[in-house]
Amino acid sequence: MSVDVNQINAVYRATKSIMSNHFGADISRGKPQAGQGSIPSDDVSVVLGVKGELSGQIICSVSEGTAKNIVGAMMGGMEVAELDDMAWSAVQEFGNWVGGTTATELSNENYNIDVTPPIVNEGKSNFHSTSKFITVPMDTSLGSVCIHISLSDKS
């Protein structure tokens, strides 16, 4: 896989847009890193499949505290003490927002994609893949978010 910076930046812009426009979070981008084989999951990960002119995965990983902060922001600023069924549903909806906004950002780069419904993973683990991926860390006022991106052009 050759890394297309425009694709990586489109996914970053989408996630940044959700974090800043929907949640009012301040964001700073960390240094992207390339990897292959094992993708570390934090306490909570949202996995999005990409299909169409590009194929692959986008995984957003956050700590439990960051997940609670995101859910709280989605619920109008309320304090979230635990990740219950409603909170897990909100985490999944966050994934939908990132997926939909990513599809729009990639269409601006002339890629027509569909994003699969998000799968939420609970607990620290590792995702294993033979595909290469780029990890873009983001420090936000709601906590750290890592976006793991593995996309390939089907043409």
Side-chain angles (χ1 to χ4, degrees), residues 5-33 35 38-52 54-109 111-129 131 133-151:
V5 174
N6 293 328
Q7 295 168 8
I8 302 301
N9 286 335
V11 178
Y12 169 74
R13 282 193 310 272
T15 309
K16 180 180 179 184
S17 168
I18 297 301
M19 296 299 291
S20 63
N21 296 340
H22 288 278
F23 308 145
D26 296 322
I27 298 147
S28 65
R29 178 180 182 163
K31 183 178 183 203
Q33 296 181 318
S38 181
I39 302 166
S41 167
D42 207 331
D43 298 326
V44 176
S45 293
V46 180
V47 181
L48 301 162
V50 175
K51 57 187 182 176
L54 298 173
S55 64
Q57 288 82 34
I58 299 166
I59 302 171
C60 296
S61 292
V62 298
S63 70
E64 183 178 340
T66 300
K68 289 177 182 177
N69 290 340
I70 288 171
V71 171
M74 290 174 78
M75 297 185 178
M78 69 183 274
E79 177 103 10
V80 175
E82 68 172 311
L83 294 174
D84 58 12
D85 287 345
M86 183 182 290
W88 287 117
S89 178
V91 169
Q92 194 166 20
E93 186 60 22
F94 167 70
N96 280 325
W97 291 356
V98 170
T101 307
T102 293
T104 300
E105 287 289 340
L106 284 169
S107 74
N108 294 337
E109 299 291 336
Y111 293 103
N112 186 14
I113 65 153
D114 289 316
V115 179
T116 63
I119 295 171
V120 178
N121 182 64
E122 177 184 11
K124 289 187 188 280
S125 60
N126 289 308
F127 297 101
H128 294 278
S129 174
S131 301
F133 60 90
I134 301 294
T135 297
V136 181
M138 299 170 64
D139 284 322
T140 81
S141 51
L142 296 176
S144 296
V145 177
C146 278
I147 315 161
H148 308 285
I149 306 160
S150 176
L151 297 174

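For clarity, every value in this text was computed on a predicted model and none was experimentally measured. Starting from 1, each residue takes its place in the sequence as its number.
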**Q** Rounded to the nearest 0.5 Å, what's the gap from OG on Ser63 to CG on Asn69? Could you check?
**A** 7.5 Å
**Q** To check you understand the geometry: which heavy-atom pair defines the closest contact between Val46 and Gly95, and what is its length?
**A** CG1-CA, 3.6 Å
**Q** Measure the CG-CD1 distance between Asn9 and Ile134 for me, rounded to the nearest 0.5 Å.
**A** 11.0 Å
**Q** Distance check, rounded to the nearest 0.5 Å: Ser55 atom OG versus Asp114 atom CG?
**A** 12.5 Å
**Q** Any side-chain heavy atom of Phe127 sitting closer than 4.5 Å to one from Ser45?
**A** yes
**Q** What heavy-atom pair brings Gly143 and Thr66 nearest, and what distance separates the two atoms?
**A** CA-OG1, 3.3 Å
**Q** As a quick check of understanding, evaluate side chain to side chain contact (heavy atoms under 4.5 Å, CB included) for Ile147 and Ile58, giving each step before the final call.
**A** CA-CA 7 Å; Ile147 315 161; Ile58 299 166; 3.9 Å; yes
**Q** I'd like to check the salt bridge (charged side-chain N to carboxylate O under 4.0 Å, His left out) partners of Lys51; sequence neighbours left out, ordered by chain and number.
**A** none
**Q** Looking at Gln7 and Leu54, what are the two nearest heavy atoms and their distance?
**A** NE2-CD2, 3.3 Å
**Q** Is any side-chain heavy atom of Val62 less than 4.5 Å from a side-chain heavy atom of Asp42?
**A** no
**Q** For residues Pro118 and Leu48, report the shortest heavy-atom separation together with the two atoms involved.
**A** CB-CD2, 3.6 Å
**Q** Check whether any side-chain N or O of His148 sits under 3.5 Å from a backbone N or O of Pro40 as a donor-acceptor pair, and report yes or no.
**A** yes
**Q** Going through the distances and angles, do Val120 and Phe94 end up as a side chain to side chain contact (heavy atoms under 4.5 Å, CB included)?
**A** CA-CA 10 Å; Val120 178; Phe94 167 70; over 6 Å; no
**Q** Check the pair Gln57 / Val50 against side chain to side chain contact (heavy atoms under 4.5 Å, CB included), numbers first and verdict last.
**A** CA-CA 6 Å; Gln57 288 82 34; Val50 175; over 6 Å; no
**Q** Indicate the atoms forming the closest heavy-atom contact of Asp139 with Ser144, along with that distance.
**A** OD1-OG, 3.1 Å
**Q** With side chains defined as the heavy atoms from C-beta onward, is the minimum distance between Val91 and Ile70 less than 4.5 Å?
**A** no
**Q** Show me the pairs that pass salt bridge (charged side-chain N to carboxylate O under 4.0 Å, His left out) and involve residues 9-32, at least two apart or across chains.
**A** Arg13-Glu105, Arg13-Glu109
**Q** Does a side chain donor of either Trp97 or Glu93 reach within less than 3.5 Å of an acceptor in the other side chain?
**A** yes
**Q** Within the structure provided, determine whether Val11 and Val136 are in side-chain contact (heavy-atom separation under 4.5 Å).
**A** no
**Q** From Thr15 OG1 over to Ile27 CD1, what is the distance, rounded to the nearest 0.5 angstrom?
**A** 9.0 Å
**Q** Using 0.5 Å steps for rounding, measure from the OG atom of Ser20 to the CG atom of Leu142.
**A** 10.5 Å
**Q** For a 4.5 angstrom cut-off between non-hydrogen side-chain atoms, does Lys124 reach Asp43?
**A** yes
**Q** Extract all donor-acceptor atom pairs below 3.5 Å that involve side chains of residues 71-85 and protein atoms in other chains or at least two apart in sequence.
**A**
{"from": "Asp84", "atom 1": "OD1", "to": "Met86", "atom 2": "N", "distance (Å)": "3.3"}
{"from": "Asp84", "atom 1": "OD1", "to": "Ala87", "atom 2": "N", "distance (Å)": "2.9"}

**Q** Indicate yes or no: at least one non-hydrogen side-chain atom of Ile59 is less than 4.5 angstrom from one of Ile39.
**A** yes
**Q** If you take all heavy atoms of Ser61 and Ser41, which pair is closest and at what distance?
**A** OG-CA, 3.8 Å
